[in-house]
Structures are given as C-alpha cells and as structure tokens.
Amino acid sequence: MDERKIRILNAIIHSYIASPIPVGSRKISKEYDLGVSSATIRNEMSDLEDLGYLNKPHSSAGRVPSDKAYRFYVDTWLQDPVVNPSKNMDKMVHFFEETNLSLEQLYKQTSEMLASLTDYAAYVMAPRKNDTILKHIELYPLDSDVILLLIIGNQGIVEKSLIRLSEGIPEDQLRTIRNQLNRGLTGINFSEINGLSLRVSGELMEYREFISKIVEVAYNVAKRLDRVDIYVNGITNLLKHEEYQDLEKARELLGFLEDGEHLMEVFPEVIGNGDIHIVIGQENPVEAMQENSIISAGYGIDKEKSGQVGLIGPVRMEYIPLIQLLGRVSQEMTKQLTKTL
C-alpha cells in the first residue's frame, strides 16, 4: 500500500476510534492536514474499500475501518513503535511503586486498576501452579472439633483446608497422625496419592476416617493445580461504549465474559514474558467475541511460571496506547513476581 493510502487509512481509523460515526472524505479533508483534496481522498477511500480495508454501511455515505484495517494499523506500528508517555502510564507506575500485596491481591487489584484506567474489561491470568510433589503436611487444632490442614507442595504452594470432627483428637495423637502421613506421603506425586493405601493400625485405627479425609484432600490438590486462576474486572465498563447498546448482544457478551471456563477458549495459552498478543474482531475463534478485540501481554519469570494480563473491548479500541500500557504492566508484574519467589 502506498504512503498516501496509509495516511488516509490512519486518519479514518483515528477518527472512528474517537467517535463511531462513519467517516466521509470531507471530514478527513477538514480535520487532517493530508495535503490532498477531498476528491482525491474520496477516490483513495474507494480504493481502500475495494482492498478490504474499509466497509460502507448501507445507511451512510461514510466508511468505517474493517478488522483488516485495524490489523494493518497495529502491525505497522509494532514494526516501528513510537512510545508516547500518558497519564495512565504514570498512574499505573505509581500503583506498582506503592503496592505491597500478596500475589493473589496483586492479581485482583491489577485487574481493577486496568479496568478503571481504560474503561474496558481487564483480566489478569495468574501463572499456572507447577507443584507436582507433596512436600509436607501440617495439622493445627483451631478448636476442639476443627483441624486446619496445610498441604505444602514442592514449589511452595500451600493448600489450606478445614476438617470438622465429630469429636476432638488429643494433640499427641494429632502429632502421631501428622508424622505417619508425612512418612507415607512426602515425595509422592499428587496425582498418584489416590492409589495409595496407608497402613493404619493400633491406636490410630480410631482415626482412620479422619486420616482418609486428609488423603482425599491431598489427592484433590492435583485437580486444583490444573486450574488457572483468572481475575476479571470492569465487564460492565463495556456498556459505556456505543457498540454495546444492543441489549441482546450486550447480555450475550457479558454472560460469556463472566464464565471463567469460556474465557480460556479465547485467551492465548502461553505468551512469552513481555510479548504482546492481539486478537481483532473476526480473528476470535468464539462467535460471542467476534465484535471485540483482546490485547494481552505476557509476564513471568520463565515459561513454567508465566501469566498474562489483558484488555477486552470493541474493535475500535485505542490500540497503540493500550499496547504500551500493557507492555509496561507486564514488566511491573514480572518484577513483583520475582520479589515474592
């Protein structure tokens, strides 16, 4: 595509992002100093439509950018990015400079911060838990009939569970049970625990039901480790945008975004640390998302401990500042993750 067509296409994209009204040649001629006449712009717009970069709504003489136009616009910028500071960037950096949160709180509040700054839906996907081996079991009496069970994995994960008893267990017996469980289960893969049979004899026979419950909880840790935690905020922000004024479409989209299982279908499986992944409109594999775009950035220490942070909004998103914002957020998230591990 020649330089003039690119400048005209960019002007149309900027105009339509600012206000979702079909763009005509006179508007571009008046508002953008392109150095060519309105008639020339009109001819170029016709060519851009033939090339698939513009669509012409039936009820308007103006044109709107197609998904192909936004893809060209984003890819062109990514090849030679020009970084411009913004207020949002300053606020985001301040958030991370002041933060002193647990990882779970960090994921939650980062998604809240991004949703607030951008007026889009924001998500943070926590790194997948990589613990595979049971390292230690600990038992703490919280009350006469309540025991706190801690199951610690080989990569530092701590799973907590409360077990209620029909009657109390003396502390010396609780220590004996803990020691026997650690002798029998330490070093075992979580997924293999269910097939084990621990020998319970003598005075511990009285507590075999309690011991069986602990073994069951330990085995179920494997299922929870396979789950990826996703923190989503600002879903209702989308209703502020013109594209979501159709209540039926809005209801369908919001229902989709509120289901964590569905979201896994549209997010990329893995993004390298600092990499940006952009899915525009019809590129989405799920029909409910095909009038939306997703911008995602990877963060983490390595591929095994990687997560992602992203934004969801209409196809006419302000891609460039959002890409820059998420790129910096991914850097800050990696720093926070490194400090806690």
When you look at Gln308 and Tyr123, which way does the side chain to side chain donor-acceptor pair (under 3.5 Å) test go after all the steps? CA-CA 8 Å; Gln308 54 186 271; Tyr123 78 91; 2.7 Å; yes

Just so I know, are the side chains of Ile294 and His277 near enough to count as touching, which here means a heavy-atom distance under 4.5 Å? no

Side-chain (His241) to main-chain (Met317) donor-acceptor, under 3.5 angstrom: no

Test item: Asn273 side-chain N/O and Gly300 main-chain N/O as donor-acceptor pair under 3.5 Å: yes

Check whether any side-chain heavy atom of Phe267 lies under 4.5 Å from a side-chain heavy atom of Ile312, and answer yes or no. yes

Ignoring hydrogens and geometry, is there a side-chain-to-backbone donor-acceptor pair from Ser306 to Tyr299 under 3.5 Å? no

Tell me whether the count of non-hydrogen atoms from other residues, nucleotides or ligands lying under 6.0 Å of CD in Glu49 goes above 12. yes

If I compare all heavy atoms of Tyr120 with all of Gly313, which pair ends up nearest, and what's the gap? CD2-CA, 3.9 Å

Heavy-atom closest pair (Ala218 atom, Leu134 atom, distance to 0.1 Å) is CB-CD1, 4.0 Å

Does any non-hydrogen side-chain atom of Leu48 lie less than 4.5 Å from one of Met1? yes

Do Val158 and Leu162 land in one hydrophobic cluster if side-chain heavy atoms of ILVMFWY residues count as linked below 4.5 Å? yes

Test item: Thr118 side-chain N/O and Leu114 main-chain N/O as donor-acceptor pair under 3.5 Å: yes

Using modelled atom types only, decide if a donor and an acceptor are shared between the side chain of Ser212 and the backbone of Arg208 within a distance under 3.5 Å. yes

Please report the closest heavy-atom contact between Thr186 and Lys135, naming both atoms and the distance. CG2-O, 3.3 Å

Report whether Ile21 and Val315 are members of the same hydrophobic cluster (ILVMFWY, side-chain heavy atoms less than 4.5 Å apart, transitive linking). no

Can a donor-acceptor pair be found, under 3.5 Å and without considering hydrogens, that links the side chain of Asn233 to the backbone of Ala115? no

Applying ring-ring contact (aromatic ring centres under 6.0 Å, His included) to Phe72 and not counting sequence neighbours gives Tyr53

Is Gln245 atom CD crowded by more than 12 heavy atoms from other residues, nucleotides or ligands, each under 6.0 Å away? yes

Around atom CD of Gln290, are there more than 12 heavy atoms from other residues, nucleotides or ligands closer than 6.0 Å? yes

Considering the options Leu150, Ile152, Ile151, which one meets the side chain to side chain contact (heavy atoms under 4.5 Å, CB included) requirement together with His136? Ile152

Indicate the atoms forming the closest heavy-atom contact of Ser293 with Ile280, along with that distance. OG-CA, 3.4 Å

Looking only at heavy atoms, the pair that brings Lys68 and Leu51 closest together is NZ-O, 2.7 Å

Test: side-chain hydrogen bond (donor to acceptor under 3.5 Å, both in side chains). Region: residues 166-179. Which pairs qualify, not counting sequence neighbours? Glu138-Arg178

Under 4.0 Å between a side-chain nitrogen and a carboxylate oxygen: does that hold for Glu332 and Arg328? yes

Using the test side chain to side chain contact (heavy atoms under 4.5 Å, CB included), find all partners of Gln105 that sit at least two apart in sequence or belong to another chain. Leu101, Ser102

Sequence neighbours excluded, the answer for ring-ring contact (aromatic ring centres under 6.0 Å, His included) partners of Phe95 is none

Ile41 backbone acceptor or donor facing Ser25 side chain under 3.5 Å: no

Okay, side chain of Ser330, backbone of Gly327: is any donor-acceptor separation there less than 3.5 Å? yes

State, to 0.1 Å, how close Gly310 and Leu326 come at their nearest heavy-atom pair, and which atoms those are. CA-CD1, 4.1 Å

Can you tell if the side chain of Glu243 reaches within under 4.5 Å of the side chain of Arg316, non-hydrogen atoms only? yes

Pair Glu283 + Arg71: basic N to acidic O under 4.0 Å: yes

Do any N or O atoms from the side chain of Asn88 and from the backbone of Leu117 form a donor-acceptor pair under 3.5 angstrom? yes

Side-chain ion pair, Glu104 and Lys108, N-O less than 4.0 Å: no

The complete set of ring pair (Phe, Tyr, Trp, His ring centres under 6.0 Å) pairs with one or both residues in residues 10-42, sequence neighbours excluded, reads His14-Tyr73

Does Asp75 have more than 12 heavy atoms from other residues, nucleotides or ligands lying within 6.0 Å of its CG? yes

Kindly compute the distance separating NZ (Lys56) from CG (Leu54), expressed to the nearest 0.5 Å. 11.0 Å

By side chain to side chain contact (heavy atoms under 4.5 Å, CB included) - contacts of Glu248 (at least two apart): Asp246, Arg251

Under a 4.5 Å side-chain heavy-atom rule over Ile, Leu, Val, Met, Phe, Trp and Tyr, are Val279 and Leu311 clustered together? no

